[in-house]
Amino acid sequence: MAMPQNSTRENGFCFAQPLDFSRPSPHGGGAGRPLGTAREDDGCSTPLSNGVGSSGAPSPSGAPSPSDSSAEPLCTPSPAQDPTPLEEGIKYVSAQGEELACGWGAFTPGCLQPCNTSKGVLFFLCVASFLQGMTVNGFINTVITSIERRFDLRSYQSGLIASSYDIAACVCLTFVSYFGGNGHKPRWLGWGVLLMGLGSLLFALPHFTTGPYEARSAAHVGVCGANQSLPCSQAASSLSGYRFVFMLGQFLHGMGATPLYTLGVTYLDENVKTNYSPVYIAVFYTAAILGPAAGYLVGGMFLNIYTEIGRETDMAPENTLWVGAWWIGFLGAGAASLLISIPILGYPQRLPGSQRYIVMRVSEAHQLKDGSHKKALDPDFGKTVKDLPRSVLLLLKNPTFIFLCLAGATEATLIAGMSTFGPKFLESQFSLSASEAATFFGYLVVPAGGGGTFLGGFLVNKLKLRCSGIIKLCLLCTVSSLLAIFIFFIHCPNMPMAGVTQMYDGSALPGGHLNLTAACNAQCGCLQGTYSPVCGTDGIMYYSPCHAGCKSVSVNLRNGKKVYQECSCVDKALLPGSGKAEAGKCTSSCAKKPLLLCFIFVVILFTFLSSIPALTATLRCVSDRQRSFALGIQWIVVRTLGGIPGPIAFGSMIDKSCLLWQDQCGEQGSCYVYQNSAMSRYTLIAGLVYKVLGTTFFIVACLLYKPPPSESPPGSLDASERGSRDLQEHKPSLPAAEDI
């Protein structure tokens, strides 16, 4: 009797013929009977619960075979007994009696079952990771400058907002990875995505609870002789307290994303063939990388819209006081996350057909000298809280796992720091607006980050690397990015700014102190309360039209920018009668720009190229039952040592390179102008330190890794490895499986 075909095909493949696990039976009756067929007198067909048949015949030793242990046979009436065809297709039931159909409780409509495959799961998890990346690593990093300006925050405070995500993840990771790893993973994932959506909506809340943004642009400040400023009692702001709302929103983001990159990865790994696991995980992480890239591009577009939609403003996006519509992206991402959580909650604990991949898997777990790694082979291990200390101890005794975690932490520090302040770096180096810098950074991240992530998983699959080979690939990528990071020896010079980088007459500032007053603007009565830079026709920037000594204003009909005339401080010797200035920064003509961008691309490419191989090595160097928990512990180490201090450390370093601070009635606000040479120098130092540490950790992990012996005595292999050897003994019976 032919096996009934499942209504869904796992991973898009199915077995073309019945699986044959025929063994000599001590009773003789079932010898040589193909798996998935029944004797004529059985009256039933016996497909395995996960799409693989079971003969039910005992092995010669009396112990159950791998096929017997994977699931119990289900008896369905033969056509002779019940000629009525099944209208709803196969009802998937696992060995433990749990339903494997896709749906919510008793509601499991047949139209959803085509999605009940690993590719269906991959699609929804990719959408979730895309939204998470777009929100946390895209929108937030894109709008960080606008939020600083809108709510009067300093860089270290915005760095703390960025780090709140990792703080929440560290708090939740142990609990989620330990209990979720042995629980219903899709439900943990679905509720996490829903929580992430609520965090996005909360992050946008301050826009609706604060008053309208009142920026005193150049038109309000006036030109020479008409400069005015609000009294300090009105100008002073207490909006910086909203940083706690942003931190809470990020905290919810961190809690919601915790299951995504621990349970989501292991759920994919458990439900696909081992060789294809790196490709599936690479696609998953590529979506997570493309998310930030989309966040930079879309967020940059939103920043070109004034934050107070519907209100007229005479400012242009190039104005340093401009605040774009930073909040729109969070509303859209929050609503999308709430919607995508619904189908994820409907997936079963295990996909139909997943058991055959489990029995085919060969263990590559690191072998401890005392043999304590065998404790994790107990089927009941890790299901109670009392096993938690032993689980932690087993991982701590695994040196390969520990050094892979440390290497990941060093990479995460650079990724977190550069993703948070990368747009600000480009904004300062190339004299760009915030929206231009965000869009530019997105163009770098899309091919470099996304391509590197997918290429890493593809190389592991294509080269069929074992655990030690994967670690060597990570080492090669880290060394390559280490060499490329020396590009930060060069930098683009600051655009000359009168009174900030040089004197008004072009000479150096005495002692490096700011001096915004000169003879050409002494009679204007300019105040430092409002920063509104203009670019003179002499190629020099000025703090404001008043500081440039401009006396009248008009509008350039070609680009809509304000043009100031009769500017007494602008050098007229270069172009007679050209004492004019245009609103906004001067355009940078840095000759080193292409070279700098090229090597930044290489650094990003090789940094992300090692991410999937490092993750795959982590999954393979621990026992199967500890994979989710191992990823949880790894993320704790990565976030504690990398993700949390990264943005804060980079923010503090960038603050040290500030030349011109905002003055709010004697209190220091956000930074207006950075010194490009100092910013590049600090970036180079941080990059070298962490890349050298990462290289060292990968070398040690490779040297200390001890793979399982090629031939082990009976009883020393875990269940999955024994199952794999049983399958390999009957390789001729599995041509369809080998074609996968």
Side-chain angles (χ1 to χ4, degrees), residues 166 169-183 185 188 258-259 261-267 269-270 277 281 361 363-412 466-468 470-471 474 611 613-644 694 697-708 716-721:
D166 296 292
C170 286
V171 172
C172 302
L173 270 168
T174 302
F175 173 81
V176 170
S177 61
Y178 185 76
F179 292 102
N182 293 302
K185 293 184 178 70
W188 286 83
T258 297
Y261 296 105
T262 52
L263 306 183
V265 171
T266 52
Y267 190 69
D269 186 62
E270 291 166 358
S277 176
I281 296 174
R361 182 173 290 129
S363 175
E364 295 180 61
H366 175 82
Q367 305 295 292
L368 301 178
K369 292 182 179 180
D370 58 1
S372 57
H373 59 278
K374 297 178 182 178
K375 295 178 182 178
L377 305 181
D378 186 353
D380 295 324
F381 181 78
K383 292 186 176 180
T384 59
V385 179
K386 65 181 181 180
D387 288 332
L388 180 60
R390 285 198 295 169
S391 296
V392 175
L393 182 61
L394 282 178
L395 293 177
L396 292 179
K397 292 168 68 175
N398 188 331
T400 304
F401 170 76
I402 294 297
F403 282 102
L404 285 176
C405 290
L406 294 176
T410 60
E411 297 292 287
R466 303 292 293 236
C467 189
S468 59
I470 295 174
I471 299 174
C474 295
S611 59
L615 181 66
T616 306
T618 302
L619 289 172
R620 294 190 182 182
C621 75
V622 298
S623 300
D624 285 357
R625 298 192 61 82
Q626 285 198 294
R627 291 186 172 194
S628 296
F629 188 55
L631 283 185
I633 296 298
Q634 184 182 54
W635 276 111
I636 291 177
V637 175
V638 167
R639 284 177 161 85
T640 304
L641 301 182
I644 294 175
F697 291 144
F698 277 126
I699 291 175
V700 176
C702 185
L703 293 177
L704 295 182
Y705 174 65
K706 183 181 178 183
S716 65
L717 305 178
D718 60 21
S720 63
E721 192 168 352

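Just so you know, residue 1 is the first one in the sequence shown, and it goes up from there.
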Who pairs with Val638 by side-chain contact (heavy atoms from CB on, under 4.5 Å), at least two apart in sequence or on another chain?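 Checked Val638 against side-chain contact (heavy atoms from CB on, under 4.5 Å); matches are Ala412, Gln634, Trp635.
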Please name all residues satisfying side-chain contact (heavy atoms from CB on, under 4.5 Å) with Ile402, sequence neighbours left out, ordered by chain then number.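 Ile402: side-chain contact (heavy atoms from CB on, under 4.5 Å) contacts with Leu396, Leu406.
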Using ring pair (Phe, Tyr, Trp, His ring centres under 6.0 Å) as the criterion, list what pairs up with Phe629, not counting sequence neighbours.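 Phe629 satisfies ring pair (Phe, Tyr, Trp, His ring centres under 6.0 Å) with Tyr178 only.
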Looking only at heavy atoms, what is the nearest atom pair of [X] and [Y], with distance?
| X | Y | result |
| --- | --- | --- |
| Leu631 | Thr262 | CD1-O, 3.6 Å |
| Ala701 | Ile471 | O-CD1, 4.2 Å |
| Thr258 | Ala169 | OG1-CA, 3.6 Å |
| Leu619 | Arg627 | O-NE, 3.2 Å |
| Gly694 | Ala407 | O-CB, 4.2 Å |
| Cys621 | Asn398 | O-ND2, 2.9 Å |

Spacing of [X] atom [atom1] and [Y] atom [atom2] [to the nearest 0.5 Å]:
| X | Y | atom1 | atom2 | value |
| --- | --- | --- | --- | --- |
| Leu703 | Thr400 | CG | OG1 | 9.5 Å |
| Cys405 | Leu395 | SG | CG | 8.0 Å |
| Leu615 | Asp269 | CG | CG | 9.0 Å |

Could you walk me through whether Phe698 and Leu404 pass side-chain contact (heavy atoms from CB on, under 4.5 Å), step by step? CA-CA 7 Å; Phe698 277 126; Leu404 285 176; 3.8 Å; yes
